[in-house]
Visitor: 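One structure, as structure tokens, below. Some questions next.
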Amino acid sequence: KGAIVFDNVHFAYDPARPILKGVSFTVPAGKTVAVVGPSGAGKSTISRLLYRFYDVQSGSISVDGQDVRAITQTSLRSAIGMVPQDTVLFNDTIAYNIRYGRPDATQEQIEAAADIAQISRSIKDLPQGYDTMVGERGLKLSGGEKQRVAIARTVLKAPPILILDEATSALDTTTEQEIQAALDVVSQNRTTLVIAHRLSTVIGADEIIVLKAGEIAERGTHAQLLEQN
Ligand code: ADP
Ligand code: ADP
């Protein structure tokens with residue numbers, strides 16, 4: 001479920017400066033496609049268009065054969081889980097941050113999601129009614145810990161589509177590998193669009209698209225791209 005098709009997508013924030021110049025690719029249902037390329041190439045713009053922060057100027061984006069402009073924002077966004085580069089958390093408990101948007105989630109579901117995301121700060125060993133606070137009023141979480149909270153939120157949401165927009169690029173190498181391992185679990189059997197700055201972080205993708213100045217310069221598996229270069 002959740003096949004994504006970008007068909008000849010053109011987009012500009014400023015009409016005088018085109019950002020995407022006819023981008024076409026497909027993420028088959030359950031597969032992972034990575035978009036890599038230099039800074040400013042338009043990679044994040046692709047994820048913002050899929051999430052409909054903006055609309056394409058020509059061409060189309062569809063999910064399960066339906067143009068995203070014909071899907072309500074609520075149902076589109078409920079089908080998509082987004083893990084951004086820097087997760088901004090609410091100044092509240094870790095559990096609140098995991099549960100955000102899912103008020104019906106049970107304590108068991110929240111704990112299971114925290115386990116999958118490998119949140120080591122226990123949200124369950126604390127007394128009933130008490131929980132670990134984050135933000136000014138509580139502990140400061142590291143970048144990696146914040147990403148784990150974002151991953152747990154996504155696990156709880158269980159969306160068919162996942163957008164990982166430089167989800168590990170702000171982290172040190174060791175943390176990056178740990179978070180990558182958690183993301184690999186979460187992205188299994190989900191239609192996943194990965195935005196990354198380096199080819200080496202997307203080795204397992206079913207297809208890699210190299211975006212340069214708003215155009216697809218190369219595409220293929222990691223092995224195929226290595227052969228060409
Ligand atoms: P990448 O993710 O590949 O680094 P982006 O998609 O973030 O690239 O940005 C592509 C280009 O669009 C950049 O030149 C950037 O400055 C410009 N851009 C990004 N967001 C906006 C915006 N909200 N308004 C105007 N220009 C933007
Ligand atoms: P839902 O209502 O289905 O929970 P939301 O639109 O509230 O969906 O958010 C879905 C996911 O997208 C959340 O994990 C949230 O962190 C992320 N998200 C929402 N808005 C933004 C944004 N402006 N930038 C980056 N990520 C966002």
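Both backbone and side-chain heavy atoms feed into the values below; hydrogens, waters and symmetry mates do not.
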Visitor: Look at the side-chain heavy atoms of Ile, Leu, Val, Met, Phe, Trp and Tyr, link any pair under 4.5 Å apart, and say whether V83 and V185 land in one connected group.
Guide: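 V83 and V185: one cluster.
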
Visitor: If you take all heavy atoms of F53 and M82, which pair is closest and at what distance?
Guide: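 Distance-wise, the nearest heavy atoms are CE1-CE, 3.8 Å.
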
Visitor: Heavy-atom distance under 4.5 Å between the side chains of I116 and V186, does that happen here?
Guide: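 SC-SC contact between I116 and V186 confirmed.
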
Visitor: Work out which heavy atom in A3 is nearest to a heavy atom in T191; give both atom names and the distance.
Guide: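 Minimum heavy-atom contact is N-OG1, 4.3 Å.
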
Visitor: Is any side-chain heavy atom of L162 closer than 4.5 Å to a side-chain heavy atom of T154?
Guide: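 When only atoms from C-beta onward are counted, T154 and L162 do touch, with a gap below 4.5 Å.
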
Visitor: Following the transitive rule for hydrophobic clusters with a side-chain heavy-atom cut-off under 4.5 Å over Ile, Leu, Val, Met, Phe, Trp and Tyr, establish whether Y51 and I71 coincide in one cluster.
Guide: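 Same hydrophobic cluster.
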
Visitor: So, does S187 use its side chain to make a donor-acceptor pair with the main chain of R190 at under 3.5 Å?
Guide: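 No: the side chain of S187 does not pair with the backbone of R190.
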
Visitor: Residues in salt bridge (charged side-chain N to carboxylate O under 4.0 Å, His left out) with R48, at least two apart?
Guide: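 Here no residue qualifies.
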
Visitor: Fit a plane to each ring of Y100 and Y96, take the angle between them on a 0 to 90° scale, and name the class: parallel (under 30°), tilted (30 to 60°) or perpendicular (over 60°).
Guide: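 Y100 and Y96: tilted rings.
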
Visitor: Can any side-chain N or O of Q224 pair as donor or acceptor with the backbone N or O of T221 at less than 3.5 Å?
Guide: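 Yes; at least one donor-acceptor contact below 3.5 Å.
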
Visitor: Quick one: are V194 and I208 in side-chain contact, heavy atoms under 4.5 Å?
Guide: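 Side chain of V194 against side chain of I208, heavy atoms only: no contact under 4.5 Å found.
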
Visitor: Using a 3.5 Å distance criterion without hydrogens, assess whether the side chain of D7 forms a donor-acceptor pair with backbone atoms of G59.
Guide: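 The answer is no, because no donor-acceptor pair under 3.5 Å joins these two groups.
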
Visitor: Are E178 and R148 within salt-bridge range, i.e. N to O under 4.0 Å?
Guide: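 Salt bridge between E178 and R148, a charged N being under 4.0 Å from a carboxylate O: yes.
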
Visitor: Kindly say whether E207 contributes a backbone atom to a donor-acceptor pair with the side chain of R219 at under 3.5 angstrom?
Guide: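 The answer is no, because no donor-acceptor pair under 3.5 Å joins these two groups.
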
Visitor: Taking salt bridge (charged side-chain N to carboxylate O under 4.0 Å, His left out) as the definition, give me every residue that meets it alongside E166, ordered by chain and number, with sequence neighbours left out.
Guide: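 E166: no salt bridge (charged side-chain N to carboxylate O under 4.0 Å, His left out) contacts found.
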
Visitor: Just by distance, do the side chain of E215 and the backbone of K212 share a donor-acceptor pair under 3.5 Å?
Guide: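 No, the answer is negative, given that no donor and acceptor are paired below the 3.5 Å cut-off.
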
Visitor: Test your reading of the model: is there a side-chain donor-acceptor pair from K157 to the backbone of I80, 3.5 Å cut-off?
Guide: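 It does hold such a pair.
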
Visitor: Is it the case that the side chains of Q147 and T87 hold a donor-acceptor pair, with the cut-off being a distance below 3.5 Å and no angle test?
Guide: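 Q147 and T87 do have a side-chain donor-acceptor pair below 3.5 Å.
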
Visitor: Would the distance check show the side chain of Q57 and the main-chain N or O of A12 forming a donor-acceptor pair, the cut-off being under 3.5 Å?
Guide: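 Checking the backbone N and O of A12 against the side chain of Q57, a donor-acceptor pair under 3.5 Å is found.
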
Visitor: Report yes if some heavy atom in the side chain of I119 is under 4.5 Å from a heavy atom in the side chain of E145; otherwise report no.
Guide: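 Sidechains of E145 and I119: no contact.
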
Visitor: Sub-3.5 Å donor-acceptor pair from the side chain of D14 to the main-chain atoms of A16, do we have one?
Guide: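 Yes.
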
Visitor: Any side-chain heavy atom of L183 sitting closer than 4.5 Å to one from I151?
Guide: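 The answer is yes; the side chains approach within 4.5 Å.
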
Visitor: Between the side chain of R77 and the main-chain N/O of R52, is any donor-acceptor distance below 3.5 Å?
Guide: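 Looks like yes, one N/O pair under 3.5 Å.
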
Visitor: Run S60 and D67 through side chain to side chain donor-acceptor pair (under 3.5 Å) and show every step you take.
Guide: CA-CA 7 Å; S60 66; D67 192 302; 4.6 Å; no

Visitor: Is there a side-chain contact between V210 and I216 in this structure, where contact means two heavy atoms from C-beta onward sitting under 4.5 Å apart?
Guide: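 The answer is no; the side chains never approach within 4.5 Å.
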
Visitor: Flag the pair V33 / D206 as yes when at least one side-chain heavy-atom distance between them is below 4.5 Å, and no otherwise.
Guide: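 The answer is no; the side chains never approach within 4.5 Å.
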
Visitor: What donor-acceptor contacts under 3.5 angstrom involve side-chain atoms of residues 17-28, with partners at least two apart or in another chain?
Guide:
unit_1 : atom_1 : unit_2 : atom_2 : d
K21    : NZ     : A213   : O      : 3.1
S24    : OG     : N8     : N      : 2.7

